[in-house]
Amino acid sequence: MSYIKKTENNVIFDIVVIGAGPTGIAFACGFAGTNIKIAVVDKLPRGVIANPKIDGREIALTHHSVKILKKIDVWRYISNKSISVIKEARVLDGNSTYYLNFNHQEIEKECLGYLIPNYIIRKNLYKRSRNLPNITLINKAECLSVNMGKQHASILLSNGKKIKTSLVVAADGRFSKMRSKMGISAFTRDFNKNMIVCRMKHEKPHQNIAYEFFRYDQTQASLPYIKNLSGIITTATKDFTSTLMKMNKKKFNKEMGSSFNNYFGKMKLLGKRYSYPMVTTYAKKFVSHRFAVIGDAAVGMHPVTAHGFNLGLKGLEILINEIKTAIKNKTDIGLTAVLKNYQSKLHRVAAPVYLATNGIINLYTSTILPSKLTRQFILRFVNTVKPVKQTFLNILK
Ligand SMILES: Cc1cc2nc3c(=O)[nH]c(=O)nc-3n(C[C@H](O)[C@H](O)[C@H](O)COP(=O)(O)OP(=O)(O)OC[C@H]3O[C@@H](n4cnc5c(N)ncnc54)[C@H](O)[C@@H]3O)c2cc1C
């Protein structure tokens with residue numbers, strides 16, 4: 001399929017994806033076995049994309065995300081040894097020992113979800129894409145300019161290459177330059193906090209339970225990895241996280257142990273600590289003529305509810321289906337009418353999760369007395385009112 005006539009000066013692809021992050025590559029892999037030619041452009045060198053560095057992110061995946069990774073034939077590339085299961089999640093507030101819990105039995109599955117380090121997901125997505133003849137990676141390149149014509153889009157890359165394509169897909173992260181180039185702005189919320197992530201070994205077993213402790217000055221979370229290892233996530237003010245980043249290991253280990261109320265016994269930092277600013281984004285539009293945004297470029301979630309990549313996968317699944325349907329109907333895939341179906345479907349899924357997550361953070365980082373009381377009430381309310389709890393559990397299915 002190609003709606004554009006090839007000329008001497010232009011390389012032609014049906015789809016050009018800007019950004020070879022997990023979403024960009026997963027999207028391209030969704031066209032395996034078709035004759036749709038896809039270029040994936042990234043500013044990073046190929047070696048870094050093929051062998052991404054550890055970035056401290058342990059990605060919690062829902063059952064539906066695993067289904068998508070299986071559908072695009074990536075799951076079988078990921079070694080079982082790197083996958084851990086989350087059987088239960090417990091949410092605690094302040095100094096109270098009462099917890100809201102979500103259990104795998106409530107969704108009638110063997111676990112609530114899966115945990116895989118981000119660099120392993122990225123590495124295996126790249127491995128899969130390398131085996132697909134219709135995907136070309138253009139590395140060390142950025143999009144300098146883009147011109148959306150009636151019949152096709154023309155792209156000029158920083159390496160001098162000119163590309164003509166039916167559709168440009170931006171997957172270049174939450175501060176997407178491509179989205180801005182297309183004149184699409186985003187709702188942005190700066191929480192003025194940082195998140196530190198690291199892996200720690202601990203004395204007591206986690207029993208495959210994930211914890212979220214909403215304390216009054218910081219949020220402390222743990223994600224159960226294999227053996228007695230957990231991904232530890234601390235969200236706090238920029239001043240305090242900067243102190244934590246610089247703290248010597250011995251002091252840091254002690255600090256983490258006590259911030260979990262010594263729940264895990266002695267804790268030991270393994271490897272580095274990584275700091276991320278807490279800024280969330282939601283694009284005001286997901287599409288325009290011959291253009292769509294996916295992944296964090298569309299919705300940059302707060303990691304506290306671990307939905308960013310899960311939403312990214314859901315979004316790319318929707319867009320792939322819309323494109324395949326358009327091709328079947330011999331319709332131009334760059335038409336706004338085709339892309340708008342993707343926009344409305346993703347919006348229906350993403351907006352409630354985005355708003356609920358930001359709402360949870362507002363409430364659970366507030367230290368005023370009415371908020372403290374509401375925080376306690378909500379945990380009990382969700383725990384005891386079945387339909388409300390089911391709404392949360394449905395997201396994990
Ligand atoms: C601490 C932390 C924990 C998280 N935990 C979870 C979790 O448990 N579960 C979950 O579902 N999600 C989680 N997430 C979210 C998840 O990591 C992101 O949603 C996901 O990485 C987004 O992938 P992406 O490909 O859209 O964007 P990115 O990962 O940002 O990739 C963007 C790519 O675009 C490239 N790029 C950028 N600019 C340009 C340009 N101008 N030209 C060319 N290329 C460009 C970059 O080099 C990069 O390769 C977490 C995030 C953080 C920060």
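Both ligands and their constituent atoms are indexed starting at 1 by order of listing.
The closest protein non-hydrogen atom to atom 10 (C) of ligand 1 is Phe309 N, 3.4 Å. The protein atom (non-hydrogen) at minimum distance from atom 30 (O) of ligand 1 is Gly173 CA, 3.6 Å. Looking at atom 48 (C) of ligand 1, its nearest protein heavy atom turns out to be Asp42 OD2, 3.5 Å. Atom 43 (C) of ligand 1 has as its closest protein heavy atom Lys43 N, 3.4 Å. Of the protein's heavy atoms, Thr23 OG1, 3.2 Å lies nearest to atom 24 (P) of ligand 1. Among all protein heavy atoms, the one lying closest to atom 4 (C) of ligand 1 is Pro303 CB, 3.9 Å. Protein heavy atom closest to atom 19 (O) of ligand 1, with residue, atom name and distance, is Asp296 OD1, 2.7 Å. Atom 31 (O) of ligand 1 has as its closest protein heavy atom Gly21 CA, 3.6 Å.
Within the 3.5 Å criterion, the main-chain N or O of Leu167 finds no donor-acceptor partner in the side chain of His152. Without hydrogens or angle criteria, Thr325 side chain to Asn321 main chain gives a donor-acceptor distance under 3.5 Å. In terms of modelled atom types and a separation under 3.5 Å, the side chain of Lys285 and the main chain of Ile184 share no donor-acceptor contact.
Of the polar atoms of Ala297, none of the N or O atoms is found under 3.5 Å from an N or O of ligand 1, judged by distance alone. At least one N or O atom of Arg57, backbone or side chain, sits closer than 3.5 Å to an N or O atom of ligand 1. The shortest N or O to N or O distance between Gly295 and ligand 1 is not below 3.5 Å.
Within the set Ile86, Asp172, Leu61, the minimum heavy-atom distance to atom 39 (C) of ligand 1 is found for Asp172.
At least one heavy atom of Ala141 lies less than 4.0 angstrom from ligand 1. For the pair Met301 and ligand 1, no heavy-atom separation below 4.0 Å is found.
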Passes ring-ring contact (aromatic ring centres under 6.0 Å, His included), Tyr211 versus Phe260? Steps please. CA-CA 9 Å; Tyr211 287 93; Phe260 278 102; 7.7 Å; no
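When the shell of 6.0 Å around NZ of Lys181 is examined, it contains more than 12 heavy atoms from other residues, nucleotides or ligands. Under a cut-off of 6.0 angstrom, the local environment of NZ in Lys53 is sparse, with at most 12 non-hydrogen atoms contributed by other residues, nucleotides or ligands. Other residues, nucleotides and ligands place more than 12 heavy atoms under 6.0 Å from the NZ atom of Lys238.
Near Val197, with a cut-off below 4.0 Å to any heavy atom, the atoms of ligand 1 are 1 (C). Close approach to Ala20 involves these atoms of ligand 1, each under 4.0 Å from a residue heavy atom: 49 (O).
Using the six-membered ring where Trp is involved, Phe187 and Tyr282 have ring planes that are tilted, between 30° and 60° apart. The aromatic rings of Tyr342 and Phe286 are tilted relative to each other, their planes meeting at an angle between 30° and 60°.
A salt bridge links Asp332 with Arg290; the closest basic N to acidic carboxylate O contact falls under 4.0 Å. Glu317 and Lys71 are joined by a salt bridge, as a carboxylate oxygen and a charged side-chain nitrogen come within less than 4.0 angstrom of each other.
Residue contacts with ligand 1, taken as heavy atom pairs separated by less than 4.0 Å, do not involve Met178 at all. Looking at Leu44 against ligand 1, only its side chain comes within 4.0 Å, counting heavy atoms. Only the side chain of Arg122 comes within 4.0 Å of ligand 1, counting heavy atoms alone; its backbone N, CA, C and O stay farther away. With a heavy-atom cut-off of 4.0 Å, Ala171 touches ligand 1 through its backbone alone. Contacts of His307 with ligand 1, taken as heavy-atom pairs under 4.0 Å, involve the backbone alone.
Checked against a 6.0 Å centroid threshold, the rings of His302 and Tyr354 do not count as neighbours.
A cation-pi arrangement is present between Lys324 and Phe31, with the terminal nitrogen or guanidinium carbon under 6.0 Å from the aromatic centre and inside a 45° cone about the axis.
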